[in-house]
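Below is one structure; the comments refer to it alone.
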Amino acid sequence: MPCLNPPNPEKVKEMKEESFIREGKGKLKVTIEGEETLETTMSGSLKSVEEVAEMLGVEAKEGKIETVVDGVKVKMEKGKLELEFESGERMKIEKA
């Protein structure tokens, strides 16, 4: 049985939302839900599920990530990333 590594908060301590985005072609819709809902679009594309899993120090299963790292709930599948913070705020980044 392969050894699974637990999420590593040290790897993500300095990580920002931009860490999940690759510059280049494409458009992304970014939605931030908190006391107010903010929506914007930006140029670029999401990194692959495998790249994000490596960045977070977790394992992707069936092309998806569902984990909690440093108090942030992370859910990702191809073309869509959701982050839920301890404060209750949520951020979604998806292909536009």
Side-chain angles (χ1 to χ4, degrees):
M1 178 177 284
C3 179
L4 297 177
N5 296 325
N8 186 348
E10 292 303 313
K11 284 187 171 185
V12 296
K13 203 171 261 185
E14 301 300 317
M15 202 174 284
K16 297 185 172 129
E17 293 78 19
E18 296 84 15
S19 303
F20 301 104
I21 298 170
R22 180 181 299 116
E23 290 183 31
K25 296 180 182 179
K27 292 274 184 197
L28 293 170
K29 176 181 166 187
V30 181
T31 307
I32 300 172
E33 299 172 355
E35 289 183 25
E36 297 180 33
T37 299
L38 305 170
E39 286 187 15
T40 189
T41 56
M42 62 186 300
S43 296
S45 61
L46 279 172
K47 291 186 178 178
S48 72
V49 174
E50 291 75 21
E51 287 174 297
V52 172
E54 187 176 323
M55 286 171 30
L56 297 176
V58 299
E59 187 174 313
K61 294 181 183 174
E62 298 176 12
K64 297 181 181 182
I65 299 172
E66 242 183 271
T67 189
V68 176
V69 179
D70 201 22
V72 178
K73 187 175 180 180
V74 179
K75 291 172 72 176
M76 184 176 189
E77 58 187 53
K78 185 177 180 178
K80 185 176 181 182
L81 171 69
E82 293 183 28
L83 304 171
E84 187 173 335
F85 302 92
E86 290 178 323
S87 65
E89 290 185 351
R90 295 175 60 185
M91 181 184 335
K92 295 179 190 175
I93 304 172
E94 54 194 332
K95 287 173 84 172

At what distance, to the nearest 0.5 angstrom, does [atom1] of [X] lie from [atom2] of [Y]?
X	Y	atom1	atom2	result
L46	I21	CG	CD1	6.5 Å
K92	K29	NZ	NZ	8.0 Å
T67	L56	OG1	CG	7.5 Å
L38	M91	CG	CE	10.5 Å
T40	I93	OG1	CD1	11.5 Å
E54	S48	CD	OG	9.0 Å

Give the minimum heavy-atom separation between [X] and [Y], together with the two atoms involved.
X	Y	answer
A53	E59	CB-C, 4.4 Å
T31	E39	OG1-CG, 3.7 Å
V49	A60	CG1-CB, 3.8 Å

Mind checking what makes side chain to side chain contact (heavy atoms under 4.5 Å, CB included) contact with [X], not counting sequence neighbours?
X	answer
K95	none
V72	V74, L83, F85
K27	S43, A96

Residues in salt bridge (Lys or Arg N to Asp or Glu O under 4.0 Å) contact with K80, at least two apart in sequence or another chain: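 For K80, the residues satisfying salt bridge (Lys or Arg N to Asp or Glu O under 4.0 Å) (neighbours in sequence not counted) are E82.
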With sequence neighbours left out, the residues meeting salt bridge (Lys or Arg N to Asp or Glu O under 4.0 Å) with K47 are none
Are E84 and K75 close enough that some pair of their side-chain heavy atoms sits under 4.5 Å apart?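 SC-SC contact between E84 and K75 ruled out.
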Could I get the full list of side chain to side chain donor-acceptor pair (under 3.5 Å) partners for E89, not counting sequence neighbours?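 Side chain to side chain donor-acceptor pair (under 3.5 Å) check on E89 returns nothing, list empty.
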